[in-house]
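First the structure, in the form of structure tokens, and then the observations on it.
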Amino acid sequence: MIDPEGNFSVIWYYNNKRIYITRILKSKIVSTEDYRCDTILNIKEYKKDCYLQTIDAEGFKSSYYDENIDSLYNIYICLDVTNLKLKGSSCPVLKELREHIIRYKLWDF
């Protein structure tokens, strides 16, 4: 996720039931963490109409590789994290994203 002002970014990924988080401030890595994570963001449930609910400023990019059909899927949307944290969403993927943003303090610097 990218701050709309371009001051910081948060990059995270899931592997072996863990979430790995890297925070970048002014082009420098300021922290890296990892936590046990029982749920992983399942963007396979991607539906474009879900993401239209929260379009605003911060950039969210995600991807996954589907081994069954040998294909890489990418998603890039603009997302108002503050609005998502306050109001939530009915979209399953954004609900889970919201939970992880709050639980792992992904948007806190």
Side-chain angles (χ1 to χ4, degrees):
M1 298 192 80
I2 304 164
D3 170 54
E5 303 296 321
N7 294 323
F8 69 91
S9 301
V10 181
I11 300 168
W12 73 95
Y13 68 93
Y14 305 93
N15 188 17
N16 298 325
K17 297 209 175 200
R18 297 193 73 75
I19 181 172
Y20 297 85
I21 304 164
T22 301
R23 289 181 172 79
I24 300 168
L25 180 64
K26 297 182 181 174
S27 303
K28 295 188 192 286
I29 294 174
V30 293
S31 69
T32 56
E33 300 129 15
D34 66 280
Y35 303 96
R36 178 162 174 67
C37 184
D38 293 328
T39 62
I40 60 171
L41 194 61
N42 185 5
I43 66 166
K44 290 182 182 181
E45 296 179 24
Y46 170 67
K47 293 182 181 130
K48 287 186 180 179
D49 57 325
C50 284
Y51 295 110
L52 295 176
Q53 300 174 29
T54 54
I55 287 177
D56 191 7
E58 292 90 2
F60 172 72
K61 181 177 181 182
S62 188
S63 60
Y64 72 92
Y65 178 74
D66 190 333
E67 293 176 350
N68 295 328
I69 59 173
D70 190 29
S71 188
L72 180 68
Y73 293 88
N74 291 299
I75 294 173
Y76 183 83
I77 57 170
C78 290
L79 181 66
D80 182 345
V81 174
T82 305
N83 191 40
L84 180 63
K85 282 172 70 175
L86 292 174
K87 296 182 182 178
S89 171
S90 61
C91 174
V93 177
L94 291 180
K95 268 188 192 176
E96 195 169 343
L97 175 60
R98 178 181 184 266
E99 289 173 16
H100 287 192
I101 287 170
I102 293 168
R103 181 182 311 143
Y104 302 110
K105 298 178 172 52
L106 295 176
W107 211 240
D108 296 349
F109 257 82

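Keep in mind that what you see is a predicted model, and the values were worked out from it rather than measured.
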Requested in this report: Return yes when atom NZ of K85 has more than 12 non-hydrogen atoms of other residues, nucleotides or ligands closer than 6.0 Å, and no otherwise.
Outcome: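 Above 12, so yes.
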Query - Pairs flagged by salt bridge (Lys or Arg N to Asp or Glu O under 4.0 Å) wherever residues 8-17 is involved - sequence neighbours left out - result: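 Salt bridge (Lys or Arg N to Asp or Glu O under 4.0 Å) check on residues 8-17 returns no pairs.
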What residues, two or more places apart in sequence or in another chain, satisfy salt bridge (Lys or Arg N to Asp or Glu O under 4.0 Å) together with [X]?
X: D70; result: none
X: E33; result: R23
X: R18; result: D34

**Report entry** Pairing residues for I69 by the side chain to side chain contact (heavy atoms under 4.5 Å, CB included) criterion, not counting sequence neighbours
**Finding:**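 I69 satisfies side chain to side chain contact (heavy atoms under 4.5 Å, CB included) with D66, S71, Y73 once adjacent residues are dropped.
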Query - side chain to side chain contact (heavy atoms under 4.5 Å, CB included) partners of S27, counting only residues at least two apart - result: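 Here no residue qualifies.
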Query - T39 to R103 - nearest heavy-atom pair and separation - result: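 Reported closest heavy-atom pair: OG1-NH1, 4.3 Å.
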Query raised in the report: At their closest point, which heavy atom of T32 faces which heavy atom of T22, and how far apart are they?
Result: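 Looking at all heavy atoms of both residues, the closest pair is CG2-OG1, 3.7 Å.
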Spacing of [X] atom [atom1] and [Y] atom [atom2] [to the nearest 0.5 Å]:
X: S31; Y: I24; atom1: OG; atom2: CD1; result: 9.5 Å
X: Y35; Y: K105; atom1: OH; atom2: NZ; result: 8.0 Å
X: R36; Y: N16; atom1: CZ; atom2: CG; result: 10.5 Å

Requested in this report: If you link ILVMFWY side chains whenever their heavy atoms are less than 4.5 Å apart, which other residues fall into the same cluster as Y20? By chain and number, please.
Outcome: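 Direct or chained contacts put Y20 with Y13.
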Requested in this report: Run through the side-chain heavy atoms of Ile, Leu, Val, Met, Phe, Trp and Tyr, join any pair under 4.5 Å, and report what else lands in I102's cluster.
Outcome: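 I102 shares its hydrophobic cluster with no other residue.
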